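The structure displayed is predicted, hence computed values, not measured ones.
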Amino acid sequence: MNENKTNINWFPGHVAKARREIKEKMKFIDVVYEVIDSRMPISSKVADINDIIKDKKRILIATKYDMCDKKETDKLLDTYKEKGYYIYKCDLLHDNMKGLLTLTNDIMTDSYKKMEDKGLKARTPRVLVIGVPNCGKSTLINRLAGSKKAPVGNKPGFTKTLSWIRLSNIELLDTPGILWPKFEDQEQAKKLVALSSIKNEIVDPFLISNYILNTIYKLYPDYLNKRYGITSLSEDLLSEYEIIGKRRGALISKGEVDYLKVSNIITRDLQDGLLGPVTLDRIENE
């Protein structure tokens, strides 16, 4: 299928404002929850996050761990662990998050001791929750709260302002999804669109669905066979769209395939985990 080759960039105004406000709030923060998508542990990390959070202690929270290729994701998470990151892997729909709170309090031990030495009563930790759009920040907050404290949407850009959420054992600063002004790596940008961290609407849909077919064929060829009955890919992918369209009933008048609908099916199947557990990132030079 033909695709638009335009570079992907999406940096809405509220993101620029949020980045400035986060920097202003960092003096109040004890620990950072840096949230990433387990299916793209490299691509979903905020590129210049160190410029925003400086030297604050952080826990790298790998959400959607139930949907990733655990073998490949764990390799990448181990590289972060070697750099001194605290790592917490979770399935936001089912995990109770008690382990995360325990880890947070362990990290705060030195701070509690300093407060005690000064004769001060230890206060609850103040935690910044930060990550790219649609990585699970608001769902994480609601799991910690045990109720719907943060609004949740399934599209990037749903949260637009910073807000404090005070629970009995922790104070959380919820933030909008953070991006950066320009994507130097367009492969990274495609992954972010494919897994819904960047709005699909700003990109030619065939650019993303073609990318998904080619990438899944390269990394997990059996998935395409199991889901669509595809065992090889043609250069223009036209025959593959025909196969998927007929198999999934994506047809228009006279039985012709609705290619746009097929494109949306491919993208949605990846995002919903229907192709199988995937991790799109790999360690370089592996």
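Between Arg248 and Asp269 there is a salt bridge, since at least one side-chain N of the basic residue sits less than 4.0 Å from a carboxylate O of the acidic one. The pair Asp69-Lys71 fails the salt-bridge criterion, with no side-chain N (NZ, NE, NH1 or NH2) lying under 4.0 Å from an Asp/Glu carboxylate O. Ionic pairing of Asp51 and Lys23 is not present here: no N-O contact between side-chain nitrogen and carboxylate oxygen is shorter than 4.0 angstrom. Look at Asp48 and Arg19 and you find a salt bridge, because one of the NZ, NE, NH1 or NH2 atoms lies within 4.0 Å of a carboxylate O, short of that distance.
Counting heavy atoms from C-beta on, the side chains of Ile61 and Leu100 come closer than 4.5 Å. Side-chain contact check for Lys64 versus Asp91: every heavy-atom pair is 4.5 Å or farther apart. Inter-residue side-chain proximity for Pro125 and Tyr112 is flagged as met; some heavy-atom pair is nearer than 4.5 Å. Using a 4.5 Å cut-off on side-chain heavy atoms (C-beta onward), Leu237 and Asn214 make contact. Side-chain contact between Tyr223 and Val278: present, with at least one pair of heavy atoms (C-beta onward) separated by less than 4.5 Å. Residues Thr279 and Met40 form no side-chain contact, since every pair of their non-hydrogen atoms from C-beta on lies 4.5 Å or further apart. Tyr88 has its side chain out of reach of Leu140: every pair of non-hydrogen atoms, C-beta onward, lies at least 4.5 Å apart.
Rounding to the nearest 0.5 Å places CD1 of Ile107 at 3.5 Å from CD1 of Ile59. Rounding to the nearest 0.5 Å gives a distance of 10.5 Å between CG of Leu192 and CD of Gln186. The line from CD1 of Ile52 to CZ of Arg20 is 12.0 Å long, rounded to the nearest 0.5 Å. Atom NZ of residue Lys25 and atom CD1 of residue Ile29 lie 9.0 Å apart, to the nearest 0.5 angstrom. The distance from atom CG of Leu60 to atom NZ of Lys89, rounded to the nearest 0.5 Å, is 11.0 Å. Distance CG/Leu173 to CG/Leu128: 5.5 Å, rounded to 0.5 Å.
Checked by atom type and distance alone, the side chain of Asp204 pairs as donor or acceptor with a backbone atom of Phe206 at under 3.5 Å. At distances below 3.5 Å, not a single donor-acceptor pair connects side-chain atoms of Ser44 with backbone N or O atoms of Ser38. No donor-acceptor pair closer than 3.5 Å links the side chain of Lys190 to the backbone N or O of Ile208. Remark: the backbone N or O of Leu76 is paired with a side-chain donor or acceptor of Thr79 at under 3.5 angstrom. Of the possible polar contacts, none joining the Asp95 side chain to the Met97 backbone as a donor-acceptor pair under 3.5 Å is found. No donor-acceptor pair closer than 3.5 Å links the side chain of Asn225 to the backbone N or O of Pro221. Checked by atom type and distance alone, the side chain of Asp281 pairs as donor or acceptor with a backbone atom of Ile42 at under 3.5 Å. With Ser263 contributing its side chain and Pro205 its backbone, the two residues share a donor-acceptor pair below 3.5 Å. Between the Arg282 side chain and the Glu72 main chain, no donor and acceptor come within less than 3.5 Å of each other. Listed for the Thr109 side chain is a donor-acceptor partner under 3.5 Å among the backbone atoms of Asp106.
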* To do: Please report the C-alpha distance between Ser197 and Asn134 in whole Å, then the side-chain angles of each, then the deciding distance to 0.1 Å, and finally whether the side-chain hydrogen bond (donor to acceptor under 3.5 Å, both in side chains) criterion is met.
  => CA-CA 5 Å; Ser197 284; Asn134 213 28; 6.0 Å; no
**Request:** Determine, step by step, whether Lys70 and Cys68 satisfy the side chain to side chain contact (heavy atoms under 4.5 Å, CB included) criterion, reporting the C-alpha distance in whole Å, the side-chain angles of both residues, the deciding distance to 0.1 Å, and the verdict.
**Result:** CA-CA 6 Å; Lys70 294 179 176 58; Cys68 77; 4.0 Å; yes
Next on the checklist: Let's go through Thr73 and Arg39 carefully: what are the C-alpha distance in whole Å and the side-chain angles of both, what is the deciding distance for side chain to side chain contact (heavy atoms under 4.5 Å, CB included) to 0.1 Å, and is it a yes or a no?
Outcome noted: CA-CA 7 Å; Thr73 291; Arg39 298 168 296 176; over 6 Å; no
Next item on the list: Evaluate the side chain to side chain contact (heavy atoms under 4.5 Å, CB included) criterion for residues Glu171 and Ile165: first the C-alpha distance (whole Å), next the side-chain angles of each, then the deciding distance (0.1 Å), finally the verdict.
Entry: CA-CA 6 Å; Glu171 295 183 33; Ile165 297 171; over 6 Å; no
*Please step through side-chain hydrogen bond (donor to acceptor under 3.5 Å, both in side chains) for the pair Thr267 and Ser209, ending with a clear verdict.*
CA-CA 6 Å; Thr267 301; Ser209 54; 5.1 Å; no
(message) As a quick check of understanding, evaluate side-chain hydrogen bond (donor to acceptor under 3.5 Å, both in side chains) for Glu34 and Tyr85, giving each step before the final call.
(response) CA-CA 10 Å; Glu34 183 182 349; Tyr85 286 76; 4.7 Å; no
Chi angles and distances behind the side chain to side chain contact (heavy atoms under 4.5 Å, CB included) call for Val31, Met108: CA-CA 8 Å; Val31 178; Met108 286 289 293; 3.9 Å; yes
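Linking ILVMFWY residues whenever their side-chain heavy atoms come closer than 4.5 Å, directly or via other members, leaves Tyr65 and Ile141 in distinct clusters. Residues Leu219 and Ile266 are members of one and the same hydrophobic cluster, defined by side-chain heavy-atom contacts under 4.5 angstrom among Ile, Leu, Val, Met, Phe, Trp and Tyr. Under the 4.5 Å side-chain heavy-atom criterion for grouping Ile, Leu, Val, Met, Phe, Trp and Tyr, Trp164 is connected to Ile22 within one hydrophobic cluster. Side-chain heavy atoms closer than 4.5 Å link hydrophobic residues (I, L, V, M, F, W, Y) into clusters, and following such links, possibly through other members, connects Leu207 to Leu238. Two different hydrophobic clusters hold Met67 and Leu77 under the rule that ILVMFWY side chains link at heavy-atom gaps under 4.5 Å.
Heavy-atom minimum distance, Lys261 versus Gly249: NZ-O, 4.4 Å. Scanning both residues, Leu251 and Gly245, for their nearest heavy atoms gives CD2-O, 4.0 Å. Between Leu233 and Ile230, the shortest heavy-atom contact is CD2-CG2, 3.9 Å. Closest non-hydrogen pair, Tyr228 versus Ile244, comes out as CG-CG1, 3.7 Å. The shortest non-hydrogen separation linking Ser232 to Glu240 is O-OE2, 3.3 Å. Counting all heavy atoms, side chain and backbone alike, Lys191 lies closest to Ser43 at CD-OG, 3.3 Å.
Screening residues 118-131 for salt bridge (charged side-chain N to carboxylate O under 4.0 Å, His left out), with sequence neighbours left out, gives Asp30-Arg123.
Taking the ring axis of Tyr86 as reference, the NZ or CZ atom of Lys81 does not stay both within 45° of it and closer than 6.0 Å to the ring centre.
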